[in-house]
Protein chains: 2
Amino acid sequence: MSHETPSARRPGRPRSATADRAILDAARAAIAESGWAGVTLGGVAARAGVAKTTLYRRWPGKNELVLDALADLFDSLRLPDHGSLARDVEDVVLQFAGLLREPRTRGALMAVLAEAAHDAALRERIRVSIVARQKHLVRQGRERAQTRGELPAEPDAAAAERNADMVFDVIAGAVLHRLLVSAEPVTAAWAAAFATLLTRGLAALTDPAGQDPAAQ
Amino acid sequence: MSHETPSARRPGRPRSATADRAILDAARAAIAESGWAGVTLGGVAARAGVAKTTLYRRWPGKNELVLDALADLFDSLRLPDHGSLARDVEDVVLQFAGLLREPRTRGALMAVLAEAAHDAALRERIRVSIVARQKHLVRQGRERAQTRGELPAEPDAAAAERNADMVFDVIAGAVLHRLLVSAEPVTAAWAAAFATLLTRGLAALTDPAGQDPAAQ
DNA sequence: GGGTTACGCTACGGCCCGTAGCGTAAGTCA
DNA sequence: TGACTTACGCTACGGGCCGTAGCGTAACCC
């Protein structure tokens, strides 16, 4: 996943790709069954039919393993073209909420985020394997919206990047907060209302007559 | 904190209020020093000058203790009146980000949320001691904005409640996500842009000509 | 074959959890 | 004052999991 692909083949016995997949599958299963607290590296190893030491040879600890096991989940997100930005956002929001429908998956994700709060290396790992990997959705949506004329073009690249980050934080943050802290479901109605709020607000934000766009 | 206040004085030796405060202070200190993983109930007890058993007599476990230790932090949030909804939102966003400036505080909060994902009792505890206790800020802001004429009045109470929940999720979610997942600071410029996005979007959302407000 | 790396297995020290048991301290009530 | 009730401090314990060390074996390259 985030391991170096041995471009130059090294001598010695190669790592078993089968074991890699077995371990990640076992980790996902363990998460689904017993949540974060229920995941023990010993248990994952046993379930994967692998020695515990093999596990420690590949991942520094529980956080990194679970993160890798979760990262793939988000790769299934797609931005369909419904003809309007709001509809597209609504669709992606529902997809995202669907991925986190399982409470234990939510728990595992949050736990990793929690550890990241005081672990810079883990934070970087998250940034690479989840955030950066999904940010293309935001860029894609913006391009479409600008082509449609729904959103004005940003004055410069820096402003465009700031707005993309903002959109990402607002979407992912709102959905996570609703599911996890408020503990209420993301329904179609909620997604529609949220998409309206976001797209209207975004139009105002990008509008040059909107506010002072003082850079950070 | 969330214990029953002994309205009718019971017989026997009363619980030491001093110990309660000492334990919560010790827990906060432990969080600040070593983050979630570093908090051990044994350690907290020792630091508080209290027997470990005393701790277990009052809190079911680590989650509940840390939650109680964190809940007070949010009570300092205030909604100042700057004359415009956007400015008020901006102010509160900066306050909120300020509370979470300390990475270890963020970690402790996130860890509690993570556990809550698969612990309904803890979820309820969070809902009561944090979410419900701070939601008055949203209601207050809405009332002011409607008095000022910045926002239209909602058609009915249910719609008003839905919007309030939405605002809460968007604000808290976006700030948390930016600080924790994106790992970028909440600057004054970011807060201003976010406040613009939210207030403009909210105006569109509440606008009767906005979209179909199909209830959930 | 020799060299190199990965694997499975076992065993271990260490830390922390959560509880039990006991004697003692601090209150209430008669 | 003395009986009663509840909280406290202390010690001890079984149990679980962590993360590592050591060893023999398996797979791959030259």
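Numbers restart at 1 for each chain; the letters A, B, ... are given by sequence-line order, proteins then strands.
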Given the rule in the salt bridge (charged side-chain N to carboxylate O under 4.0 Å, His left out) test, do A:Arg178 and B:Asp165 qualify, once you have shown the distances and angles that lead to the verdict?
-> CA-CA 8 Å; A:Arg178 176 159 182 92; B:Asp165 287 347; 5.0 Å; no
Would you sort out whether A:Arg133 and A:Asp75 count as a salt bridge (charged side-chain N to carboxylate O under 4.0 Å, His left out), showing the intermediate values?
-> CA-CA 8 Å; A:Arg133 212 146 96 203; A:Asp75 287 341; 2.9 Å; yes
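Rounded to the nearest 0.5 angstrom, A:Arg162 CZ and B:Trp190 CH2 are separated by 13.0 Å.
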Any protein N or O atoms within reach of nucleotides 2-4 of chain D? Criterion: under 3.5 Å, listing atom names and distances.
none

All N/O pairs under 3.5 Å across the protein-nucleotides 13-18 of chain C interface:
unit_1: C:dC17; atom_1: OP1; unit_2: B:Leu41; atom_2: N; d: 3.1
unit_1: C:dC17; atom_1: OP2; unit_2: B:Leu41; atom_2: N; d: 3.4
unit_1: C:dG18; atom_1: OP2; unit_2: B:Tyr56; atom_2: OH; d: 3.0
unit_1: C:dG18; atom_1: N7; unit_2: B:Lys52; atom_2: NZ; d: 3.2
unit_1: C:dG18; atom_1: O6; unit_2: B:Lys52; atom_2: NZ; d: 3.0

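Ion pairing of B:Asp91 with B:Arg78 is absent here, as no side-chain N (NZ or NE/NH1/NH2) approaches a carboxylate O to less than 4.0 Å.
Between C:dA26, D:dG22, D:dA27, one nucleotide has an atom nearer to the side chain of A:Arg13 than all others, and that is D:dA27. If you check D:dC28, C:dG27, D:dA7 against the side chain of A:Pro14, the one that comes closest is D:dC28. Comparing D:dA26, C:dT28, D:dA7 by their nearest atom to the side chain of B:Pro11 picks out C:dT28.
Counting only residues at least two apart or on different chains, the salt bridge (charged side-chain N to carboxylate O under 4.0 Å, His left out) pairs with a member in residues 29-43 of chain B are B:Glu33-B:Arg47.
In terms of phosphate contacts, B:Thr53 brings no side-chain nitrogen or oxygen within less than 4.0 Å of OP1 or OP2 of D:dG9.
The shortest side-chain heavy-atom distance between B:Ile171 and B:Phe194 falls under the 4.5 Å cut-off. Put simply, the side chain of A:Val170 does not reach to within 4.5 Å of the side chain of A:Val167, judged on heavy atoms.
Atom-to-atom, CZ of A:Arg57 to C1' of C:dT4 comes out at 14 Å; the value is rounded to the nearest Å. For the pair B:Leu55 CG and D:dT11 P, the interatomic distance rounds to 17 Å; values are reported in whole Å.
Looking at B:Arg15, its side chain has no donor and acceptor atom pair within 3.5 Å of the base of C:dG27.
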